[in-house]
Amino acid sequence: MANILATLVYVRRPGQTLMLHRIKRAGDMHQGKWNGLGGKLEPGESPEMCAIREVYEESGLRIHNPELRGILTFPDFRADEHWYAFVFVAHTFTGTLIDSAEGVLQWIDNDRLLALPLWEGDRIFLPWLDQDRFFSARFVYKEGRLCAYDAVFYPLQPGAATASVASSGPQPQRAATSHLYEPSEDDDERCWVCGSPVVKRHCKITCTVCGFRRDCSDP
């Protein structure tokens, strides 16, 4: 089973996001859908380097200081492949749009994004790009349909020590449940991430729900 690392970049200007309608390449796994820009990391390349290169290759724009907003995990997204995508937002860029070989580029009003033909999971995580928190989410697709997802959110403010968890069962179109847990410094009875019960063994504290593990000696 191969692990594929990739980037997904949303280039933005006031009120609009640059999207790519994937209708040009035969056999494109995104055929017919609207996507952000991006692609696979090359050997030795950092996610930031990949984001800048891919946006330039696909659009002709040179983005500056892309902001990493989240990480997406897609288990078994293709045969024998797990995909991991670093999600960026870029507000600063130079250049002129080209006729992309990947699809049709178009600036889309932000309030119309969710009405486009998107992957089902995109409708869930796109609003997170406007929130003041970092996300790590896993989207499970079967035969091109989203059947489940889960996510953990981390505050962007320095020194913040809280996280929240969201998840969905087999009907992802329903509103996700979420909660926020605020641990105290000496709390060894609850998970610092999701607030669930923990078990202690050999000076390791492990959450019984999300699996988060820490040492008993952690401050």
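All heavy atoms count here, side chains included; hydrogens, waters and symmetry mates do not. From a predicted model like this one, the values you see are computed outputs, not experimental measurements.
Side-chain heavy atoms closer than 4.5 Å link hydrophobic residues (I, L, V, M, F, W, Y) into clusters, and following such links, even through other members, never connects Y56 to V11. A continuous path of hydrophobic side-chain contacts links L156 to F86 [ILVMFWY only; heavy atoms under 4.5 Å]. By the rule that hydrophobic residues join a cluster once side-chain heavy atoms approach within less than 4.5 Å of another member, L18 and L68 end up as members of one cluster.
Closest non-hydrogen pair, F88 versus P66, comes out as CD2-CB, 3.8 Å. Of all heavy-atom pairs between P127 and L114, the closest is CG-CD1, 4.3 Å. Smallest separation of non-hydrogen atoms from T96 and L61: N-CD2, 3.8 Å. When all heavy atoms of V9 and A90 are compared, the closest pair comes out as CG1-CB, 4.5 Å. Here the closest heavy-atom approach between residue P75 and residue V140 is recorded as CG-CG2, 3.9 Å. The heavy-atom pair separating T7 from C50 by the smallest distance is OG1-SG, 3.4 Å.
Side chain of R123 to backbone of L116: a donor-acceptor contact under 3.5 angstrom is found. A distance-only check finds a donor-acceptor pair linking the side chain of R69 to the backbone of Q131 [under 3.5 Å]. Side chain of H21 to main chain of G32: a donor-acceptor pair is present (N/O by atom type, distance under 3.5 Å, no hydrogens or angles). Side chain of Y141 to main chain of G121: a donor-acceptor pair is present (N/O by atom type, distance under 3.5 Å, no hydrogens or angles). Although no hydrogens or angles enter the test, the distance criterion places no donor-acceptor pair under 3.5 Å between the side chain of E102 and the main chain of E58.
Taking the six-membered ring for Trp, F139 and W119 have ring centres at least 6.0 Å apart. Between W107 and F93, a ring centre-to-centre spacing shorter than 6.0 Å is recorded.
Around the CG atom of N65, the shell of radius 6.0 Å holds no more than 12 heavy atoms that belong to other residues, nucleotides or ligands. For CZ of F134, the number of neighbouring non-hydrogen atoms (other residues, nucleotides, ligands) closer than 6.0 Å is greater than 12. Heavy atoms from other residues, nucleotides or ligands lying under 6.0 Å from CZ of R13 number more than 12.
Side-chain atoms of Y149 and E120, non-hydrogen and from C-beta on, never get closer than 4.5 Å to each other. Side-chain contact between I124 and L146 is present, with at least one heavy-atom pair separated by less than 4.5 Å. Between L113 and D122 there is no side-chain heavy-atom pair separated by less than 4.5 Å. Here the side chains of I63 and I52 are in contact, with some heavy-atom distance below 4.5 Å. Taking the side chain as every heavy atom from C-beta outward, R12 and H91 approach each other to under 4.5 Å.
Between atom CZ of residue R62 and atom OG1 of residue T94 there is a gap of 7.0 Å, rounded to the nearest 0.5 Å. For the atom pair CG (L8) and CD1 (I71), the distance works out to 12.5 Å, reported to the nearest 0.5 Å. Rounded to the nearest 0.5 Å, atoms CG (L105) and CH2 (W34) are 9.0 Å apart. One finds the CG atom of D130 at 7.0 Å from the CG atom of N110 (value rounded to the nearest 0.5 Å). The line from CE of M19 to CZ of R22 is 11.0 Å long, rounded to the nearest 0.5 Å.
Relative orientation of the W128 and F125 rings is tilted, given thresholds of 30° and 60° on the angle between their planes.
Legend: salt bridge (charged side-chain N to carboxylate O under 4.0 Å, His left out) pairs involving residues 44-55, not counting sequence neighbours, sorted by first then second residue: E42-R53, E45-R53, R53-E57.
Legend: residues meeting side chain to side chain contact (heavy atoms under 4.5 Å, CB included) with I4, ordered by chain and number and at least two apart, are A2, K40, E81, W83.
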Fill in: Derivation and outcome, side-chain contact (heavy atoms from CB on, under 4.5 Å), residues L126 and L118
CA-CA 10 Å; L126 277 173; L118 306 169; 3.9 Å; yes
